[in-house]
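See below for the structure under consideration.
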Amino acid sequence: MSEKQVKVVFTPSGRRGSFPLNTPLLHAARVLGVDIDSVCGGRGLCGRCQIICTDGAFPKHEIISKSSHLSPVCATEIKYGERKVPLANGRRLSCHTLLLDDVVIDVPPESQVHRQIVRKDAEYRDIKLDPATRLYYVQVEEPDMHVPKGDVQRLMDALETEWQLSGLSFEVRLLKTLQPALREGQRGITVAVHRGSQIIALWAGFRDKAYGVAVDVGSTTVAAHLCDLFSGEVLANSSLMNPQIRFGEDLMSRVSYVMMHPEGAEQMTQVIRDALNSLFVDVAQIIGASIEDIVEISLVANPIMHHILLGIDPIELGGAPFALTTDAPVNVRATEVGLSINPGGRLYVLPCIAGHVGADTAGMILSEEPQAQDRMTLLVDVGTNAEIVLGNRQRLMSCSSPTGPAFEGAQISCGQRAATGAIERVRIDADTLEPRFKVIGCELWSDQEGFTDAVRDFGITGICGSGIIEVVAEMYLAGIVTVDGIVDGGLASRTARIISNDRTWSYSLFTSEGGEEPIVVTQNDIRQIQLAKAALYAGVKLLMDHMGVDKIERIRLAGAFGSHINVQHAMVLGLIPDCPLEEVSSAGNAAGTGARIALLNVNHGMLLRR
Ligand code: FES
């Protein structure tokens, strides 16, 4: 008599098949190629393999599905609930659930290995979770005098039998930790396997958590985002000022420092590595994890930051033809470049594109996917350097342009970084030439009741990057600045806000009650903005000319500046080319998002090619 077969259909994949009575669901899923996660290898420890039986009639499949068509909840599932969190209503561990009759089984997103991480911005495809490093728990067989082989070989055999992983390499460094771990875990250990080929870490017993950090090394700010490698969730963020600022505000002054000081490159390498290591400690502490729990770093940076971090002298990038040492992605053990995470943890640095178009631009492209657009799209990330990408699914071109620090509030007489007390919004009445403004840290406009009291604690301290764009654009709209950028001294007869400075004029935006340290916009400030604007616009225009287009259909502004800038004012100043206003939007921290995509999806290179 032939063995009774039962039917099972998995959703959402739609994979189906027939199996002998009492087949474990996880086994059926594996045979059918259904995407169900597991770290413990079906031992009821990890809880990753949870499924839900869908009750009801499914005429299309000729199935009446019922929860009672599965084996009753067993002791292992109850124990899992007691040890971790009780299984939610209707949930079962597929590794400990047997098929008794026909069923339709739903695999919820959190149980899928390659689940999608939903990106909040509706314009974008979600990130498919597929990290380079995965954890595998195995029970390694006991040593046997009659079977003379080493514990490494026993571990490899277990990985092959339980997980079909073969040909793995095993770092010598791990040899001394293997037997103590086997002893402590009573022969049960968890290994971290990198890119399906290399064991990079191991721990005694069962473990199902490992973290990665996405890092964005900017010339001014360095930011780290700690992610759960298996849920994709960002669990902690931390940032600090790039300590290399003391060697030079902008990139070229840092290269000059290296040219003039033989030990300069090494000093800068050391300070950025130290800064990153302190960020890793920070983000690990925020979630109560240890530095050893971090097994991956993915990093974006402009070419000079990229070279200095990797310990490469950036001198060649200081002059034409701006030769990169490498434009390939870098994938090394993090300790090789002095970064302290798990000793086997990996550092992945996204590829550079050209001399001054770096891994940060690659990150921006990964995040923004201009190559998936039909419309001619312009991406701009404005910092001390502006990274510019233009194109659509036919072709992409990119360049960078040295805008200098003016857009960040530096080299402006009353400029400052975006911080509490900085003027960030400005309006000027064209009739009276009187300004009103908003400062960071206060919701009120300066002409609203209660403003003076609201800002009393921190005071009005300067103008930040977005504020300087607005005030210059408003001065132009009000006729205070002429079309060629001259502050019109002829208006001094109309308002006391136009102040003479020998041969040029300034506009006074704010004077405190005591009259000390007024906040003014000088003729030189306007010149600085003109220079920065010209650099940015020249970059955009060159790309447009090379691309042979005279119209941009969509603009995405990345970075902190892009998030705060008022688009209309930017167009008034000619910072960005004309484009329908509703097609200009902020891209947030696109380079950082690109680092996160690379961290969570080992095949991100494919995304770039799509
Ligand atoms: Fe780990 Fe089922 S596979 S609990």
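Whatever order the structure lists them in is the order used to number ligands and atoms, beginning at 1. Any value given below was found using the heavy atoms of this structure, including those in side chains, with hydrogens, waters and symmetry copies removed.
With sequence neighbours excluded, the residues forming a ring-ring contact (aromatic ring centres under 6.0 Å, His included) with F206 are Y137, listed by chain and number. Residues satisfying the ring-ring contact (aromatic ring centres under 6.0 Å, His included) criterion with Y80, sequence neighbours excluded, are absent altogether.
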Return a table of donor-acceptor pairs under 3.5 angstrom between the side chains of residues 140-147 and protein atoms on other chains or two or more places apart.
{"residue": "D144", "atom": "OD1", "partner": "H146", "partner atom": "N", "Å": "2.8"}

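Looking at T221 and N242, their side chains never bring a donor and an acceptor atom within 3.5 Å of each other.
Just one of V295, I287, L229, I291 meets the side chain to side chain contact (heavy atoms under 4.5 Å, CB included) condition when paired with Y211; it is I287.
Protein N/O/S atoms closer than 2.8 Å to atom 2 (Fe) of ligand 1: C49 SG, C95 SG.
A salt bridge is defined here as a Lys NZ or Arg NE, NH1 or NH2 lying under 4.0 Å from an Asp or Glu carboxylate O, and R15 with D35 fails to meet this definition.
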